[in-house]
Visitor: 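Dropping a structure here in structure tokens format, bear with me for questions.
Positions are given from 1, in the same order as the sequence printed here.
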Amino acid sequence: MMGPLPEIRRGLMTAILGLLVFAVPAYADDDVRIQEEIWALPLPLPMFAYVVRPVGDGPFPLVIMNHGVSLNPTERSFFPLVEFRDAAKWFAKRGNMVVAPVGTGYGAAAIDIPDRALYGPFFSKIGKCINPNFHDAGLAVAQVDLWIIDYMAAEKRIVPKDVVVVGQSAGGWAAIALSSVNPPPVKAIITFAAGRGGRVGGKPNNNCAPDKLVEATADFGRTSRVPMLWIYIENDTFFGPELSKRMRDAFTAAGGKAEYHLMPPFGTEGHFFIGSPSAIPLWSPLVAKFLDAQK
């Protein structure tokens with residue numbers, strides 16, 4: 001997909017890998033002890049990841065959590081290590097190893113080299129709204145998920161064929177894209193406020209080519225057969241109820257398997273629902289029931 005990274009950067013990531021895992025001390029909560037760590041993943045495109053898992057050697061079922069994007073370079077530089085720490089811990093307490101990769105070009109790795117297209121295609125850019133490339137933007141992050149699955153399996157850290165992918169916003173869109181290739185290890189996918197091209201120019205409910213987004217959703221649905229749970233929120237100003245229902249209808253009509261739930265308004269902006277600890281009691285029963293049905 002991309003040319004080789006500069007050798008100095010590849011060497012740096014190898015050195016960092018030798019220094020990490022950096023572990024936050026394990027703690028007890030509801031009698032389940034989990035361990036929080038920061039990893040450097042030696043993928044074809046190296047990146048950092050927040051990892052939280054039960055204490056012990058495993059192997060564990062794997063949950064990958066994909067974050068959203070920002071088109072603003074300054075915002076990307078202040079991007080948190082993990083957007084949904086409390087949600088990740090909820091999954092870990094169910095016995096999963098949770099890996100939340102921090103997209104290259106975000107946080108401490110917020111470097112853009114537009115002329116080499118080194119980072120933009122992976123996590124942010126979809127092109128101009130007159131002809132947005134929603135497909136490749138989703139499939140690029142889906143490729144990262146596949147790299148993570150392969151790496152964790154090779155390290156014998158995970159239970160084979162017991163992978164769940166969770167994504168928020170653009171990360172949810174990547175999860176929908178991932179479903180279109182039906183990777184055998186992935187048994188289920190959960191999305192929160194999934195989509196691309198929302199809130200153009202910072203204006204509420206101002207979507208970049210919504211018809212093309214619906215078309216792209218249908219395209220992914222034609223080959224997707226992974227069980228999916230889609231969660232949207234009524235006061236999401238990025239992907240509102242009308243648009244998300246159109247996406248659901250297009251996806252399922254094309255053959256995709258998506259259980260859709262529209263949650264009541266949450267806070268002042270429903271788009272960031274999954275990032276709030278107080279939202280866990282609202283979505284966790286839906287997610288638990290969905291996951292239990294996949295066993």
Side-chain angles (χ1 to χ4, degrees), residues 65-71 75 80 82-88 90-91 126 129 132 134 137-138 164-177 179 188-218 220-221 224 226-254 256-293:
M65 299 188 75
N66 295 326
H67 65 67
V69 303
S70 171
L71 298 179
E75 289 181 2
V82 61
E83 283 190 286
F84 25 65
R85 182 184 179 197
D86 291 278
W90 182 88
F91 282 99
I126 57 174
C129 277
F134 291 129
V164 174
V165 176
V166 180
Q168 187 266 345
S169 190
W173 178 249
I176 294 173
S179 78
I189 289 174
I190 302 167
T191 69
F192 290 81
R196 285 303 313 253
R199 206 177 166 102
V200 177
K203 298 178 181 179
N205 301 305
N206 185 34
N207 297 89
C208 180
D211 291 344
K212 290 185 178 296
L213 182 65
V214 173
E215 290 173 8
T217 309
F220 288 143
S224 172
V226 180
M228 301 188 72
L229 175 65
W230 290 13
I231 296 175
Y232 287 88
I233 303 84
E234 285 187 5
N235 64 331
D236 182 340
T237 66
F238 289 73
F239 309 107
E242 181 182 356
L243 179 56
S244 67
K245 289 176 182 178
R246 288 182 62 198
M247 293 169 64
R248 183 272 316 271
D249 291 345
F251 186 79
T252 56
K257 300 168 62 176
E259 177 184 329
Y260 173 95
H261 289 271
L262 182 63
M263 306 295 289
F266 182 83
T268 59
E269 173 55 75
H271 189 67
F272 304 106
F273 182 67
I274 191 177
S276 173
S278 61
I280 293 177
L282 303 178
W283 59 256
S284 60
L286 289 174
V287 171
K289 181 180 179 181
F290 172 75
L291 291 176
D292 289 344

Visitor: Backbone N or O of Gly267 within a donor-acceptor pair of the Asn235 side chain at under 3.5 Å?
Guide: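 At least one qualifying donor-acceptor pair exists.
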Visitor: Output yes when a side-chain donor or acceptor of Asp236 lies under 3.5 Å from a complementary backbone atom of Gly270, and no otherwise.
Guide: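 Not at all, since once roles are kept as given, no pair shorter than 3.5 Å links the two residues.
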Visitor: Which atom pair, heavy atoms only, marks the closest approach of Met65 to Ala87?
Guide: CE-CB, 4.2 Å
Visitor: What are the two closest non-hydrogen atoms of Leu262 and Pro241, and how far apart are they?
Guide: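 So the minimum-distance heavy-atom pair works out to CD2-CB, 3.9 Å.
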Visitor: Rounded to the nearest 0.5 Å, what separates atom CZ in Arg248 from atom OG1 in Thr252?
Guide: 6.0 Å
Visitor: Applying side-chain contact (heavy atoms from CB on, under 4.5 Å), can you list everything that pairs with Pro277, at least two apart in sequence or on another chain?
Guide: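 So Pro277 forms a side-chain contact (heavy atoms from CB on, under 4.5 Å) with Asp86.
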Visitor: Would a 4.5 Å heavy-atom cut-off, applied to side chains only, mark Ile231 and Val287 as touching?
Guide: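 Touching, per the 4.5 Å side-chain cut-off.
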Visitor: Please report the interatomic distance CH2(Trp230) to CG(Leu286), rounded to the nearest 0.5 Å.
Guide: 16.0 Å
Visitor: Are any non-hydrogen side-chain atoms of Leu213 and Asn207 less than 4.5 angstrom apart?
Guide: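 Counting from C-beta outward, Leu213 and Asn207 never come under 4.5 Å.
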Visitor: Would you check if Ile176 and Met228 make a side-chain contact, meaning some heavy-atom pair closer than 4.5 Å?
Guide: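 They are in side-chain contact.
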Visitor: Kindly write out the residues that satisfy side-chain contact (heavy atoms from CB on, under 4.5 Å) with Ala279, not counting sequence neighbours, or none if the list is empty.
Guide: Phe266, Phe273, Ser276, Trp283
Visitor: What is the minimum heavy-atom distance between Met247 and Gly195, and which atoms define it?
Guide: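 Looks like CE-CA, 4.3 Å.
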Visitor: Checking Thr237 now: which residues fulfil side-chain contact (heavy atoms from CB on, under 4.5 Å) with it, not counting sequence neighbours?
Guide: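 For Thr237 the side-chain contact (heavy atoms from CB on, under 4.5 Å) partners, ignoring immediate neighbours, are Arg199, Pro204, Asn205, Glu269.
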Visitor: Taking the side chain as everything from C-beta on, heavy atoms only, tell me whether Ser284 gets closer than 4.5 Å to Phe91.
Guide: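 The answer is no; the side chains never approach within 4.5 Å.
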Visitor: Which atom names give the shortest non-hydrogen contact between Cys129 and Ala209, and what distance separates them?
Guide: O-CB, 3.5 Å
Visitor: I'd like to check His271 versus Ile233 (side-chain heavy atoms, cut-off strictly below 4.5 Å). Are they in contact?
Guide: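 No. Closest side-chain heavy atoms not under 4.5 Å.
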Visitor: Could you check, using the six-membered ring where one of them is a Trp, whether Phe239 and Tyr232 have ring centers closer than 6.0 angstrom?
Guide: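 When the ring centroids of Phe239 and Tyr232 are compared, they turn out to be at least 6.0 Å apart.
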Visitor: Does the Ser224 side chain pair with the main chain of Gly221, one donor and one acceptor, at a distance under 3.5 Å?
Guide: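 No; judged by distance alone, with no hydrogens or angles, the pair does not exist.
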Visitor: Less than 3.5 Å apart, any donor N or O on the side chain of Ser244 or Tyr260 sitting next to an acceptor on the other?
Guide: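 Per modelled atom types, Ser244 and Tyr260 side chains form a pair under 3.5 Å.
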Visitor: Less than 6.0 angstrom separating the ring centers of Phe220 and Phe134, yes or no?
Guide: no
Visitor: How close do Ala175 and Val165 get, counting heavy atoms only, and between which atoms?
Guide: CB-CG1, 4.0 Å
Visitor: What I'd like to find out is whether the side chain of Val214 reaches to under 4.5 Å of the side chain of Leu243, using heavy atoms alone.
Guide: yes
Visitor: At their closest point, which heavy atom of Arg196 faces which heavy atom of Ala137, and how far apart are they?
Guide: NH1-CB, 3.4 Å
Visitor: Start with the C-alpha distance between Phe84 and Phe272, add both sets of side-chain angles, then the distance that settles ring pair (Phe, Tyr, Trp, His ring centres under 6.0 Å), and finish with yes or no.
Guide: CA-CA 9 Å; Phe84 25 65; Phe272 304 106; over 10 Å; no
Visitor: Could you grab the distance from atom CD1 of Ile280 to atom CD1 of Ile274, nearest 0.5 Å is fine?
Guide: 8.5 Å
Visitor: So do Ile189 and Pro227 actually touch side chain to side chain, heavy atoms under 4.5 Å?
Guide: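 No, their side chains stay 4.5 Å or more apart.
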